[in-house]
Amino acid sequence: MGILTRSFFEQDTLSVARELLGKKLVHNLDGQRLSGMIIETEAYIGTTDTACHASKGKTPRNAVMFGKAGIAYIYFVYGMHYMLNVVTEAEGNPCAVLIRAIMPVEGRAEMQNRRKKSGKNLTDGPAKVCQAMGIDKGLNGWDLTRGESLRIEEYQKISSDRIQRTPRIGINYAAQKDKDALWRFRVG
DNA sequence: AGCACGATCTGA
DNA sequence: CAGATCGTGCTA
(Lines give C-alpha, C1' and ligand atoms only; values in the text may rest on other atoms or scores of the structure.)
Protein backbone atom coordinates (compact mmCIF):
# COMPACT_ATOMS: atom_id res chain seq x y z
CA MET A 1 0.00 0.00 0.00
CA GLY A 2 1.22 3.47 -0.83
CA ILE A 3 4.52 2.40 -2.32
CA LEU A 4 6.77 5.33 -3.15
CA THR A 5 7.19 5.88 -6.88
CA ARG A 6 10.09 6.83 -9.08
CA SER A 7 8.94 10.45 -9.28
CA PHE A 8 9.21 10.75 -5.50
CA PHE A 9 12.88 9.78 -5.62
CA GLU A 10 13.59 11.98 -8.64
CA GLN A 11 13.09 15.11 -6.54
CA ASP A 12 16.06 17.04 -5.25
CA THR A 13 18.02 15.04 -2.71
CA LEU A 14 17.46 17.30 0.29
CA SER A 15 13.69 17.11 -0.21
CA VAL A 16 13.80 13.33 -0.49
CA ALA A 17 15.98 13.05 2.63
CA ARG A 18 13.52 15.18 4.60
CA GLU A 19 10.39 13.52 3.24
CA LEU A 20 11.65 9.99 3.83
CA LEU A 21 11.28 10.65 7.57
CA GLY A 22 8.07 8.93 8.70
CA LYS A 23 7.99 6.60 5.69
CA LYS A 24 8.14 2.86 6.26
CA LEU A 25 10.97 0.68 5.02
CA VAL A 26 9.58 -2.80 4.33
CA HIS A 27 11.39 -6.05 3.56
CA ASN A 28 9.74 -9.40 2.90
CA LEU A 29 12.28 -11.92 4.07
CA ASP A 30 11.81 -15.68 4.43
CA GLY A 31 8.04 -15.23 4.35
CA GLN A 32 8.16 -12.64 7.09
CA ARG A 33 7.40 -8.97 6.84
CA LEU A 34 9.98 -6.77 8.50
CA SER A 35 9.44 -3.05 8.62
CA GLY A 36 10.42 0.12 10.39
CA MET A 37 9.67 3.81 10.26
CA ILE A 38 12.57 5.87 8.94
CA ILE A 39 13.69 8.35 11.58
CA GLU A 40 17.11 9.46 10.35
CA THR A 41 18.60 10.14 6.90
CA GLU A 42 21.55 11.85 5.25
CA ALA A 43 21.81 13.42 1.81
CA TYR A 44 24.82 12.84 -0.46
CA ILE A 45 24.65 15.24 -3.32
CA GLY A 46 26.58 14.50 -6.48
CA THR A 47 30.04 15.21 -7.80
CA THR A 48 30.54 18.52 -5.98
CA ASP A 49 29.92 16.97 -2.55
CA THR A 50 33.31 15.66 -1.41
CA ALA A 51 31.61 13.43 1.16
CA CYS A 52 29.68 11.66 -1.61
CA HIS A 53 31.12 8.43 -3.00
CA ALA A 54 30.45 9.67 -6.51
CA SER A 55 32.55 12.82 -6.10
CA LYS A 56 35.62 11.09 -7.53
CA GLY A 57 33.78 9.69 -10.52
CA LYS A 58 32.09 6.44 -11.47
CA THR A 59 33.57 3.18 -10.19
CA PRO A 60 32.22 -0.38 -10.01
CA ARG A 61 31.17 0.21 -6.41
CA ASN A 62 29.19 3.42 -6.87
CA ALA A 63 27.88 2.71 -10.39
CA VAL A 64 24.23 2.42 -9.35
CA MET A 65 24.31 6.01 -8.07
CA PHE A 66 24.63 7.10 -11.69
CA GLY A 67 21.48 5.22 -12.65
CA LYS A 68 17.76 5.73 -12.06
CA ALA A 69 16.26 7.19 -8.91
CA GLY A 70 14.56 4.73 -6.59
CA ILE A 71 17.33 2.13 -6.86
CA ALA A 72 19.02 0.80 -3.72
CA TYR A 73 22.72 1.60 -3.39
CA ILE A 74 24.17 -0.82 -0.86
CA TYR A 75 27.86 -0.97 -0.07
CA PHE A 76 30.19 -2.63 2.39
CA VAL A 77 32.44 -0.68 4.79
CA TYR A 78 34.83 -1.20 7.67
CA GLY A 79 35.16 -4.85 6.72
CA MET A 80 31.86 -5.75 8.36
CA HIS A 81 28.96 -3.37 7.77
CA TYR A 82 26.42 -2.76 5.03
CA MET A 83 24.84 0.62 4.36
CA LEU A 84 21.50 1.24 2.65
CA ASN A 85 21.00 4.24 0.37
CA VAL A 86 18.34 5.23 -2.13
CA VAL A 87 19.41 6.85 -5.39
CA THR A 88 17.79 10.23 -6.08
CA GLU A 89 17.50 12.89 -8.80
CA ALA A 90 17.80 12.49 -12.57
CA GLU A 91 19.65 9.60 -14.15
CA GLY A 92 23.31 10.51 -14.49
CA ASN A 93 23.28 12.84 -11.48
CA PRO A 94 24.85 10.62 -8.80
CA CYS A 95 22.99 11.50 -5.59
CA ALA A 96 21.58 9.33 -2.81
CA VAL A 97 20.01 9.33 0.63
CA LEU A 98 21.53 7.17 3.36
CA ILE A 99 18.97 5.51 5.65
CA ARG A 100 20.63 5.92 9.05
CA ALA A 101 17.98 4.78 11.51
CA ILE A 102 14.55 3.20 11.75
CA MET A 103 12.05 2.53 14.52
CA PRO A 104 10.95 -1.11 14.18
CA VAL A 105 7.26 -1.59 13.33
CA GLU A 106 6.59 -5.14 12.08
CA GLY A 107 8.67 -8.23 12.81
CA ARG A 108 10.27 -6.73 15.86
CA ALA A 109 11.02 -10.11 17.44
CA GLU A 110 12.68 -11.32 14.27
CA MET A 111 14.68 -8.12 13.99
CA GLN A 112 15.67 -8.44 17.60
CA ASN A 113 16.82 -11.95 16.82
CA ARG A 114 18.87 -10.77 13.93
CA ARG A 115 20.60 -8.30 16.13
CA LYS A 116 22.52 -10.43 18.57
CA LYS A 117 21.59 -8.49 21.65
CA SER A 118 20.40 -5.03 22.73
CA GLY A 119 16.87 -4.60 24.02
CA LYS A 120 16.52 -1.18 22.53
CA ASN A 121 13.37 -0.20 20.71
CA LEU A 122 15.33 2.12 18.53
CA THR A 123 17.82 0.93 15.98
CA ASP A 124 20.29 3.70 15.60
CA GLY A 125 23.09 3.70 13.07
CA PRO A 126 23.02 2.72 9.41
CA ALA A 127 24.73 -0.64 9.93
CA LYS A 128 22.08 -1.66 12.43
CA VAL A 129 19.34 -0.91 9.94
CA CYS A 130 20.80 -3.39 7.49
CA GLN A 131 21.53 -5.96 10.16
CA ALA A 132 18.01 -5.83 11.59
CA MET A 133 16.27 -5.84 8.21
CA GLY A 134 18.45 -8.55 6.69
CA ILE A 135 19.78 -6.30 3.95
CA ASP A 136 23.10 -7.05 2.27
CA LYS A 137 25.03 -6.53 -0.95
CA GLY A 138 22.71 -8.91 -2.80
CA LEU A 139 20.15 -6.09 -2.88
CA ASN A 140 22.52 -3.54 -4.40
CA GLY A 141 20.81 -2.26 -7.54
CA TRP A 142 17.35 -3.40 -6.39
CA ASP A 143 14.50 -1.24 -7.69
CA LEU A 144 12.59 -0.06 -4.62
CA THR A 145 9.69 1.14 -6.79
CA ARG A 146 8.88 -2.42 -7.95
CA GLY A 147 6.80 -2.89 -4.84
CA GLU A 148 8.10 -6.36 -4.03
CA SER A 149 10.55 -7.58 -1.45
CA LEU A 150 12.34 -4.39 -0.43
CA ARG A 151 10.43 -1.14 -0.84
CA ILE A 152 9.39 2.06 0.96
CA GLU A 153 5.76 2.86 1.78
CA GLU A 154 3.74 5.82 2.96
CA TYR A 155 3.27 5.70 6.71
CA GLN A 156 3.24 8.72 8.99
CA LYS A 157 3.25 12.44 8.40
CA ILE A 158 6.04 14.12 10.33
CA SER A 159 5.43 17.78 11.12
CA SER A 160 8.35 20.02 10.20
CA ASP A 161 8.83 21.26 13.77
CA ARG A 162 9.83 17.73 14.79
CA ILE A 163 12.66 17.57 12.24
CA GLN A 164 16.23 18.38 13.27
CA ARG A 165 19.00 19.23 10.83
CA THR A 166 22.66 18.59 11.72
CA PRO A 167 25.96 17.95 9.96
CA ARG A 168 26.57 14.45 8.62
CA ILE A 169 28.39 11.72 10.54
CA GLY A 170 31.69 10.03 9.77
CA ILE A 171 32.93 12.24 6.95
CA ASN A 172 36.12 13.74 8.35
CA TYR A 173 37.83 13.19 5.01
CA ALA A 174 35.48 15.69 3.32
CA ALA A 175 36.01 19.39 2.60
CA GLN A 176 34.99 21.77 5.37
CA LYS A 177 32.01 23.14 3.44
CA ASP A 178 30.64 19.61 3.13
CA LYS A 179 31.35 18.74 6.77
CA ASP A 180 29.44 21.85 7.76
CA ALA A 181 26.44 21.25 5.51
CA LEU A 182 23.27 20.48 7.49
CA TRP A 183 22.38 17.46 5.41
CA ARG A 184 21.43 15.04 8.15
CA PHE A 185 17.76 14.87 9.06
CA ARG A 186 16.13 13.19 12.01
CA VAL A 187 12.88 13.06 13.88
CA GLY A 188 13.36 14.65 17.27
C1' DA B 1 50.70 -6.93 -6.35
C1' DG B 2 50.67 -4.12 -2.50
C1' DC B 3 48.61 -0.74 0.51
C1' DA B 4 45.89 2.59 3.09
C1' DC B 5 41.48 3.47 4.57
C1' DG B 6 36.51 3.65 5.29
C1' DA B 7 28.93 7.37 5.05
C1' DT B 8 30.59 1.87 11.84
C1' DC B 9 29.91 -0.49 16.24
C1' DT B 10 31.31 -2.53 20.44
C1' DG B 11 33.44 -3.09 24.72
C1' DA B 12 37.02 -1.64 27.97
C1' DC C 1 39.85 4.92 22.60
C1' DA C 2 41.49 0.71 20.22
C1' DG C 3 40.21 -3.30 17.64
C1' DA C 4 37.56 -5.94 14.35
C1' DT C 5 37.84 -7.03 9.39
C1' DC C 6 37.86 -6.83 4.09
C1' DG C 7 36.40 -4.71 -0.37
C1' DT C 8 37.68 -0.98 -3.07
C1' DG C 9 40.42 2.19 -5.49
C1' DC C 10 44.90 4.18 -6.11
C1' DT C 11 49.83 3.67 -7.02
C1' DA C 12 53.42 1.05 -9.42
Asks: Keeping the roles fixed (side chain from A:R151, backbone from A:R146), state whether a donor-acceptor pair exists under 3.5 Å.
Replies: no
Asks: Could you list by number each residue of residues 79-91 of chain A showing a heavy-atom separation from DNA chain B of less than 4.0 Å, or answer none if no residue does?
Replies: A:G79, A:H81, A:M83, A:N85
Asks: Looking at side-chain heavy atoms only, is the closest gap between A:M65 and A:C52 below 4.5 Å?
Replies: yes
Asks: Taking heavy atoms of chain A and a 4.0 Å limit, find me the 5'-most and 3'-most nucleotide of DNA chain C within that range.
Replies: C:dA4 to C:dG9
Asks: If you define the side chain from C-beta out and look only at heavy atoms, does anything of A:T41 sit under 4.5 Å from A:K23?
Replies: no
Asks: A:R100 versus A:I169: any side-chain heavy-atom pair under 4.5 Å?
Replies: yes
Asks: A side-chain contact here means heavy atoms from C-beta on lying under 4.5 Å apart; do A:F8 and A:Q11 qualify?
Replies: yes
Asks: Tell me which donor-acceptor pairs under 3.5 Å the side chains of residues 179-188 of chain A have, and how far apart each pair is, sequence neighbours excluded?
Replies:
unit_1	atom_1	unit_2	atom_2	d
A:K179	NZ	A:N172	O	3.4
A:D180	OD1	A:Q176	NE2	3.0
A:R184	NE	A:E40	OE2	2.8
A:R184	NH1	A:T166	OG1	3.1
A:R184	NH2	A:E40	OE2	2.9
A:R186	NE	A:Q164	OE1	2.9

Asks: Give me the residues of residues 53-78 of chain A where at least one heavy atom lies under 4.0 Å from an atom of DNA chain C, by number, or none.
Replies: A:T59, A:P60, A:R61, A:F76, A:Y78
Asks: From NZ of A:K128 over to P of B:dA7, roughly how many Å is that when rounded to an integer?
Replies: 19 Å
Asks: Would you list the atom pairs, donor with acceptor, under 3.5 Å between side chains in residues 69-83 of chain A and any protein atom, with sequence neighbours excluded?
Replies:
unit_1	atom_1	unit_2	atom_2	d
A:Y73	OH	A:H53	ND1	2.8

Asks: Tell me what A:A127 touches on the nucleic acid: a base, only sugar-phosphate, or nothing, going by heavy atoms under 4.0 Å.
Replies: sugar-phosphate
Asks: Taking atom C1' in both B:dC5 and C:dA2, what distance in whole Å separates the two?
Replies: 16 Å
Asks: What is the minimum heavy-atom distance between A:T47 and A:A54, and which atoms define it?
Replies: CG2-O, 3.9 Å
Asks: Does the side chain of A:I45 reach to within under 4.5 Å of the side chain of A:C95, using non-hydrogen atoms?
Replies: yes
Asks: Is there a side-chain contact between A:I158 and A:R18, using heavy atoms and a 4.5 Å cut-off?
Replies: no
Asks: With the side chain counted from C-beta on, respond yes when A:M133 and A:L84 share a heavy-atom pair under 4.5 Å apart, and no when they do not.
Replies: no
Asks: Looking only at the side chains, is there a donor atom on one of A:E42 and A:Y44 sitting less than 3.5 Å from an acceptor on the other?
Replies: yes
Asks: Is there a side-chain contact between A:V105 and A:Y155 in this structure, where contact means two heavy atoms from C-beta onward sitting under 4.5 Å apart?
Replies: yes
Asks: According to a 3.5 Å limit on both distances, what stems of 3 or more consecutive Watson-Crick or G-U pairs are formed with DNA chain C?
Replies: B:1-6 with C:6-11, B:8-11 with C:1-4
